[in-house]
Structure formats: structure tokens, C-alpha cells
Amino acid sequence: MDILRVELEEVREQEREHAEQQRNLELELLKVTRISGEEIQKLTDKLRKEEDRRRALFSQVQKLRGAFRVMCRIRPVSSGELLKYKLDSGELHDRPAKLTIIEDTSKPWREETTPSKYQFERVFTPEESNADVFSEISEFVQSVVDGKNACIFCYGQSGTGKTYTMSNLEDVENREEGIDYESDGIVPRVRTMIFREKSRLEELGYDMSLAGCCYEIYDNELRLLKADGKEKKAISINSRTVEEHDGLITLDSSRDFDALIEVGMKNRHFGATKLNDNSSRSHFVISLETKIRWKGSSNVVREGLLNLVDLAGSERTHQAGTIGAKFEEGRNINTSLTQLNKVFIDLAAGRRPAYNENILTRFLRRSLERDCMTLMLLMITPLKSHWSATKHTLQVAMDVQSAKKADPPNRNTKVTIARSSSSKLPKVPQTPRSKR
Ligand SMILES: Nc1ncnc2c1ncn2[C@@H]1O[C@H](COP(=O)(O)OP(=O)(O)OP(=O)(O)O)[C@@H](O)[C@H]1O
Ligand SMILES: [Mg+2]
């Protein structure tokens, strides 16, 4: 572990130095208004070389960090009896990474004799904000811009903060353009970061295009949440890719991005249960594809794919208080999550998982294979009354952490889950944005 820490630190240090050099070169380039075209060309070439070296070092850091990465977030709660727990830093950095649930002598934990211990790459405390979470995971987004595939998925019991972490939008009515607010979730921050990167790359002579679409998995069906209104088109999926569809939308500006997400969020299924007033009743996926070309050329030099997955939460019927259609929804959600857990158990044991048994695992398959960086964000509640369910999700996260990645069936195939010629975004009616 010590060797890994030193190696990781060394590479990160080199990466920081290169980033610094690159920034200096960029500044130099901006200053030179009166020098010859030849000199500008020389500086631009040097800058591009630095960019290539930065990408190579960055990629090395990501490889050292492992196949499946897991971070855990403990949500804040304002009432109810809490579990006693302790946080410690891990070996790789000084931030919390070890979680110990301390033995409790009161019922129903009397039988537990030893504390439950868990270790993840990072554990976020209830006091930490969405901004803190993003500062740890933004490197996944950077990797996608650098031409890699990545998947970030939020996992956990219903009501633990998955949708809040993924999609929260602070101060919907009075937002200022172009800035991230403290409690903004991953999705709005990804938007800011990607468009900032787009501008930076433009200065280096590249052209970056972005396209995206939203899906939900509801009632054992994969549905494309299209920009043209209420239509929820079911699309078929085979074992490797989502079949071609025309849902990929070109996103030229932040406004296009917001419109896509707004339609997705409006059309996905939410419903009230006893665990959560606004519970996700489907698994929701935002898929973003980046393509980088030299300015004026049609050849793609790098392409990346980012899947942002907000899973529906596992729920125990007696706690969720669901009946009728909601009970059915809950059953479908639990069944698909159980299948996903089985996939993780198989991957941890080095077995070949049965991806095809469920639409969720079939869909996520390519996000779990070797050519994709995968991050699980496990959400938990510190409420004592939920400990049994929490313990189960912590165990799933441990399985994910020890899972090994399998090669994709054809190493030359991209992890493309939506392949189509992307279309321009149709106009979306100007309604106030929903909070989540
Ligand atoms: N870290 C947090 N800080 C502030 N509020 C939070 C936090 N986490 C969750 N909440 C609040 O808790 C409630 C439930 O969160 P959320 O809907 O994100 O849960 P979920 O895990 O997506 O549940 P489900 O599986 O039912 O969809 C929301 O009102 C949300 O704003
Ligand atoms: Mg949710």
C-alpha cells in the first residue's frame, strides 16, 4: 500500500507540474500579440505536446487507482436515533476513508459482538456538500474529455440522497448563469466543466462536440426520454449495445444541455413513498458523448462516453409503505438491483456474470467492463432504524470494490450505448426548471 501511495503521489506531482507548465504556456500565448505567426505556431505546438503529456500522466493516475472505485456518502438527518460510527483516514490520503459502525448494546444489535468495519476510497461525512463530492470525482469527467469511457452510478436505499447528489439544482428560480452553487449536484457541475473544457480545447486548436440523451429503465423496459415531450419511447437492447436510435441530441451550449436534462427529469418516474416524498421509481441514465477533432477536420481524434446513473433505491415494503402499482414498481426495482448485486458478486469471485437476466444489468454491462472507468457512489443513512438495509448496501459496495473487470467481448468495440447521427435539439417550452 505504501509503495502504491508513493507511486500515486509521484505521478500526481508530475501531473500537477505539467498542468502548471501548461497554464504558463497558455498565459504566454495570450500575452504574445505582436510576435510572428511562426512563433505563435511554435508555442501552440509546444502547448499541444504538454496537453498530450498531461493526458498520459492523468491516465496513469487513473489506472493506478483501480478498476472499480467506490466512495460512500453519509447523508445528514435532522431527527431519529443515530448509529454510533467512527471515521478515519485511509492510506492514500488524509480524508475520511474508513467507516466503523461501533457496536451498540441496545436492541436489536445485542448479538453483534464486533464493530462493522468498511473502507472505501473516500467516505463523505454528513457535513460535506455536493461541491465536496464533485471535487473528488471531477477527474472522471476529465477522463471522458481526454477520450475515455466512464460511468458514475449512485446506489443505495431509498431516501439516502442519490438523486440529490446526482441532480440537485440550487436556487432554481434565481440562478446566475455560468456558476456552480454549493449544493448543485453532479449533473449541473458536469455541464459547467465540459463547456469550460470545450473553450480551453478551442484555444489549442481543437473542436469538441457534445451529444447526449436521457433514458430510464421502468417496468422492465428501457425508455428514451425524448426532447419532444411526453413520448417515452421504449427501445430495444441487445446484450452489447442499445440498438441504434435517433435520440442522441447535439448539445452546442449549456442551454441545450439544460433543456435535455429538464426534459429527462420531467419525464422520468417519481412518486411518494413513506421513505421518500419524491422517490425515483425508475433507474435514470444521462449519457454524454464527447468527440474531439482538429479544427476544420472531420476526423475524430478522441471520443469519450460518460454515463451518469441515478439508480432507483432498494426499499423494504414495510418501510416504504407501498401498495398496488407502487408496490409493483418497488418489486421491479428490487429485482433489478438484486440482479445487479449478483453481477458484482460474480465479478468479485472472478466468474462470468449473467448480464442478460435483467434489462438493468444488460444496459450497464459495457459500463462495468475493462475499457470503462466505473465509480460507485454509495449513499447511506446513519439512522439506526435502517441499519439492516444499510448493512446490506455496504456489503454490496465491498463486493464492488473487490470486483475485477472483464474484457469487453470485442476490445475494438467502443462502449457506445447510443449510436446514431445526432439531431439538433428541438425547442423546449420555457417552463421553470424542476428542482430535481
Ligand atoms: N446530503 C444531503 N443534504 C441535504 N439534503 C439531502 C441530502 N441527501 C438527501 N437529502 C434530501 O433527502 C431527500 C431524499 O433524497 P433523494 O430523493 O435524493 O433520495 P434517493 O436516494 O434518490 O431516494 P429514492 O431511491 O427513493 O429515489 C430529499 O429531500 C433530499 O433533498
Ligand atoms: Mg432518487
Side-chain angles (χ1 to χ4, degrees), residues 71-80 82 87 96 122-137 152-172 181-189 214-218 225 261 264-286 308-322 325-338 340-341 360 376-383 386 389-390 392-394 396-397 434-436:
M71 300 187 196
C72 171
R73 182 177 199 186
I74 307 169
R75 65 153 295 172
V77 288
S78 49
S79 61
L82 301 187
L87 294 172
R122 177 79 156 84
V123 179
F124 296 100
T125 67
E127 293 73 36
E128 288 185 272
S129 67
N130 276 347
D132 297 318
V133 173
F134 194 74
S135 72
E136 296 275 356
I137 67 165
I152 300 173
F153 70 98
C154 289
Y155 181 101
Q157 202 200 353
S158 177
T160 47
K162 298 179 292 299
T163 305
Y164 176 83
T165 302
M166 188 58 90
S167 304
N168 191 55
L169 202 56
E170 188 175 321
D171 203 0
V172 178
Y181 288 62
E182 186 70 10
S183 78
D184 279 354
I186 294 170
V187 174
R189 290 174 188 276
C214 298
Y215 305 95
E216 72 170 353
I217 295 174
Y218 180 76
L225 303 177
I261 304 305
M265 292 300 276
K266 259 195 204 140
N267 285 306
R268 63 184 287 198
H269 282 81
F270 282 109
T273 70
K274 277 191 188 164
L275 284 172
N276 186 356
D277 294 343
N278 203 16
S279 176
S280 311
R281 310 310 288 162
S282 64
H283 307 299
F284 180 62
V285 183
I286 299 168
L308 298 171
V309 184
D310 175 14
L311 292 172
S314 49
E315 58 191 35
R316 302 202 166 171
T317 311
H318 65 279
Q319 286 179 325
T322 49
K326 288 234 178 76
F327 171 80
E328 264 320 300
E329 282 172 351
R331 202 161 64 165
N332 280 333
I333 292 167
N334 286 343
T335 306
S336 55
L337 292 173
T338 303
L340 184 60
N341 299 348
L360 175 67
M376 174 195 222
L377 280 177
L378 170 70
M379 306 290 148
I380 62 171
T381 166
L383 279 175
H386 289 262
T390 303
H392 175 71
T393 58
L394 280 161
V396 174
S434 63
K435 179 135 185 160
R436 301 183 307 136

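Note that ligands are numbered from 1 as they come in the structure, with each ligand's atoms numbered from 1 the same way.
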Pairs of nitrogen or oxygen atoms closer than 3.5 Å, one from Ala312 and one from ligand 1: do any exist? no
Have a look at ligand 1 and work out which part of Asn276, if any, has a heavy atom under 4.0 Å from it: side chain, backbone, both or neither. side chain
Thr163 N/O/S atom closer than 2.8 Å to the Mg ion (ligand 2): yes
Judged by modelled atom types alone, do Thr160 and Thr381 share a side-chain donor-acceptor pair under 3.5 Å? no
N/O/S of Asn278 less than 2.8 Å from the Mg ion (ligand 2)? no
Would you mind running through ligand 1 and noting each atom that sits below 4.0 Å from a heavy atom of Ser158? 23 (O), 24 (P), 25 (O), 26 (O)
Check whether any heavy atom of Leu275 sits under 4.0 Å from an atom of ligand 1. no
Does Pro76 reach ligand 1, in the sense of a heavy atom lying below 4.0 Å from it? yes
Could you tell me which non-hydrogen atom of Lys162 sits nearest to which non-hydrogen atom of Leu311, and how far apart they are? CE-O, 3.1 Å
Polar atom proximity, Asp310 to ligand 1 (N or O, under 3.5 Å): no
Should you measure from each heavy atom of Ser280, which atoms of ligand 1 turn up under 4.0 Å away? 24 (P), 26 (O), 27 (O)
The option among Ser279, Gly330, Gly313, Gly161 carrying the non-hydrogen atom nearest to atom 15 (O) of ligand 1 is Gly161
pair Thr273-Arg281: side-chain heavy atoms closer than 4.5 Å: yes
Check ligand 1 against Arg73 and write out every atom of the ligand that is under 4.0 Å from a heavy-atom position of the residue. 1 (N)
With a 4.0 Å cut-off on heavy atoms, is Arg75 in contact with ligand 1? yes
Of Thr163, Thr125, Thr381, the one whose closest heavy atom lies nearest atom 22 (O) of ligand 1 is Thr163
Between Asn332 and Thr335, does any side-chain donor sit less than 3.5 Å from a side-chain acceptor? no
